There are 2 protein chains.
Amino acid sequence: MYKIDFNNFFSYSFSIDCVIFGFKDGQVNVLMIKRSMEPFLNHWAIPGDLVYPDEDLQVAATRILTELTNLSNLDLHQAQTFGNPSRHPQGRVITTAYFALIRITDFEIEASSFAEEVKWVPIHEVPELAFDHNLILNSTYELLKQKLSYEPICFDLLPEKFTLNQMQQLFEYVNEAEMDKANFRKKIRPIPLIALGEKQKNVKHRPAKLFSFDSEKYSEIAEEDGYRFKI
Amino acid sequence: MYKIDFNNFFSYSFSIDCVIFGFKDGQVNVLMIKRSMEPFLNHWAIPGDLVYPDEDLQVAATRILTELTNLSNLDLHQAQTFGNPSRHPQGRVITTAYFALIRITDFEIEASSFAEEVKWVPIHEVPELAFDHNLILNSTYELLKQKLSYEPICFDLLPEKFTLNQMQQLFEYVNEAEMDKANFRKKIRPIPLIALGEKQKNVKHRPAKLFSFDSEKYSEIAEEDGYRFKI
DNA sequence: TTTAGATATTGTATTTTTGACAATAAATAG
DNA sequence: CTATTTATTGTCAAAAATACAATATCTAAA
């Protein structure tokens, strides 16, 4: 359909960068790859790829994510677009950031065609990255923090079955503020959670009850009562 | 620096669409142009243009805005990026939407190279537009509504000197809900406004006091007290 | 079996914010 | 001077947020 040679491609092209967030050990982590090719060989970076000439952006983002994680049915959120003419040393590459939230325990990452090495890094310990990826990452993390407070996406980061304290810890982490346990529970009372009747195991103290998010009920009350998630 | 011919350009190119919002007669209006060229000749559209191969996105958005309005120093906010492969009939054109807020009374719009005709249209009366511009417009208006509630950008839409009722009407319009005057005033009490000591003129009832936004004080309390605009 | 230690969970009282509505003030038009 | 209109401020009850106390339930060790 389109004739594209290397020169053409690298004089004006378009890419997607996928910021993949997880929540582990009480910290928000981001998936980093070690580049196995030039430019920025051996530098850490956010996984990204060029968009095919007739490929939709959302489709491209999904493809990149699937190639990396083998997970599907994940919510992908578009973030900012970056187009500084000198952001890519080999030509004009405009890139759109997408972010995805995954349950770290749900999958095993492995190095692929993408990269020599893959690892999770706590968001506050990210090293200097290739291209303008630090800029992209910071801007996308800001967006994540915003969306966490008014969309029910925290449940994409938490385990399928989670304790209320785990949920609280996530918000304490991103807001960088401690919260009162009792008051947190009052705040989330309107959010439809399913009490599973199960409990935490292998803890050396009173185990907490496990909950899961009732997304069907959420859609229902969002539509009927105009309820909006808010923390 | 870059060799670009028509075929190349239209096999893979990048554009900016500028959604320009104003507030007039108690309604949010958006600036529309009537296209003077194919495709979509004579259709209404959002003003937009291709980005030059070595031009920054923000710079391109500013250029397009200035060409159209002759205004400068306006805040430009990046919105969503649209990249459906079939959104442009002549080839792959990915576009990023930016929006700007202007005081309608501050400038006189005029048809330019861009368009045959230019006009303000209330956001709820927008006709069918060229390309996917209805989609872009709706998505950008949603973003505007969000940002209005947690960033002090309503003052870019209101006149330099405004009454508290004008401010209230803007929020009533975007939230599609009436508010109590007394309670609205309580809500905005933390926002630093300068009471100008002047009053409305040419009204056939008690004139309201005029205010302006104290952006310096806002920056100050935002930094020192961590205050955040919220309505 | 009992008890200490740790965290989960619930309750209560106070303060702050919100919301509904009443009362007063300041202009114009006749 | 008075009726009319909108601006502005005040009040009170309900609701939400906050601080903090009390109780519950598990593990592990004595």
Side-chain angles (χ1 to χ4, degrees), chain A residues 23 25-26 148-150 154 158-159 161-213 221 225-231, chain B residues 25-26 148-150 154 158-159 161-214 221 225-231:
Chain A
F23 186 59
D25 309 325
L148 276 172
S149 72
Y150 60 85
C154 56
L158 294 168
K161 302 173 178 182
F162 56 88
T163 70
L164 299 185
N165 274 341
Q166 286 177 311
M167 182 173 169
Q168 182 177 341
Q169 278 159 24
L170 173 53
F171 284 97
E172 288 184 332
Y173 182 83
V174 297
N175 297 328
E176 297 178 38
E178 293 199 351
M179 307 168 92
D180 181 278
K181 283 186 179 185
N183 297 338
F184 181 79
R185 280 149 201 260
K186 276 183 221 162
K187 206 171 207 169
I188 66 173
R189 205 133 54 189
I191 302 170
L193 300 180
I194 300 169
L196 296 168
E198 299 174 51
K199 291 178 180 174
Q200 242 179 346
K201 280 177 180 163
N202 302 319
V203 288
K204 58 175 190 289
H205 52 73
R206 174 176 175 180
K209 293 178 190 160
L210 291 171
F211 294 83
S212 68
F213 176 56
I221 61 179
D225 312 336
Y227 170 69
R228 309 253 64 205
F229 181 94
K230 182 76 190 61
I231 283 194
Chain B
D25 310 326
L148 275 172
S149 72
Y150 61 85
C154 57
L158 294 167
K161 301 173 179 185
F162 56 87
T163 70
L164 299 185
N165 274 341
Q166 285 177 310
M167 182 172 169
Q168 181 176 341
Q169 278 159 23
L170 173 54
F171 285 96
E172 288 185 332
Y173 182 83
V174 298
N175 297 328
E176 298 179 40
E178 293 197 352
M179 307 168 94
D180 180 278
K181 283 187 182 185
N183 296 338
F184 181 78
R185 280 151 200 259
K186 273 184 227 165
K187 207 171 207 168
I188 66 172
R189 205 136 50 191
I191 303 170
L193 300 180
I194 300 169
L196 296 168
E198 300 174 50
K199 291 179 180 176
Q200 244 180 343
K201 281 179 179 161
N202 302 321
V203 288
K204 56 174 189 292
H205 53 74
R206 174 177 175 179
K209 293 177 191 161
L210 291 172
F211 294 84
S212 68
F213 177 55
D214 192 340
I221 61 179
D225 312 336
Y227 170 69
R228 308 253 65 205
F229 181 94
K230 180 75 188 63
I231 283 194

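The structure displayed is predicted, hence computed values, not measured ones. A, B, ... follow the sequence lines: proteins, then strands. Residue 1 opens every chain. The basis for the numbers below is simple: all heavy atoms, side chains too, and nothing from hydrogens, waters or symmetry mates.
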Asks: What is the distance, to the nearest angstrom, from the CE atom on A:M167 to the P atom on C:dT9?
Replies: 14 Å
Asks: Can you give the donor-acceptor pairs under 3.5 Å from side chains of residues 188-195 of chain B to other protein atoms, not counting sequence neighbours?
Replies:
none

Asks: State whether the side chain of B:Q168 and the backbone N or O of B:F184 hold a donor-acceptor pair below 3.5 Å, judged by distance alone.
Replies: no
Asks: Check the distance between C:dT9's P and A:Q166's CD and give it to me in whole angstrom.
Replies: 11 Å
Asks: Among residues two or more places apart or on two chains, list those pairs meeting salt bridge (Lys or Arg N to Asp or Glu O under 4.0 Å) that have a residue in residues 167-185 of chain B.
Replies: none
Asks: Please report, rounded to the nearest Å, how far the C1' atom of D:dA7 is from the CD atom of B:Q169.
Replies: 13 Å
Asks: Find the distance B:E178:CD to C:dA20:P and express it as a whole number of Å.
Replies: 12 Å
Asks: May I ask you to decide if B:A208's main-chain N or O and B:Q200's side chain share a donor-acceptor pair within less than 3.5 Å?
Replies: yes
Asks: So do B:Y150 and B:R228 actually touch side chain to side chain, heavy atoms under 4.5 Å?
Replies: no
Asks: Under the salt bridge (Lys or Arg N to Asp or Glu O under 4.0 Å) definition, can you give me all pairs with a residue in residues 194-205 of chain B, not counting sequence neighbours?
Replies: B:K161-B:E198
Asks: Can you measure from CG (A:N175) to CG (A:L148) and round to the nearest 0.5 angstrom?
Replies: 8.5 Å
Asks: A:F213: which residues meet the ring-ring contact (aromatic ring centres under 6.0 Å, His included) condition with it, sequence neighbours left out?
Replies: A:F155, A:Y218
Asks: In whole angstrom, what separates B:M179's CE from C:dG19's P?
Replies: 8 Å
Asks: Which whole-number value in Å describes the distance from B:N165 CG to D:dT8 P?
Replies: 7 Å
Asks: Find the distance B:N202:CG to C:dT28:P and express it as a whole number of Å.
Replies: 10 Å
Asks: Using a 4.0 Å heavy-atom cut-off, write out nucleotides 9-21 of chain D from 5' to 3' as B (base contacted by protein), S (sugar-phosphate only) or - (no contact).
Replies: BBB------BBB-
Asks: Between B:Q168 (CD) and D:dT8 (P), how many Å, whole number?
Replies: 11 Å
Asks: Sugar-phosphate atoms are those with a prime plus P, OP1 and OP2; base atoms are the rest. Using that split, label each nucleotide of nucleotides 24-30 of chain D B, S or - for protein heavy atoms under 4.0 Å, 5' to 3'.
Replies: BBBSS--
Asks: Atom CE in A:M167, atom CZ in A:F162: separation rounded to 0.5 Å?
Replies: 6.0 Å
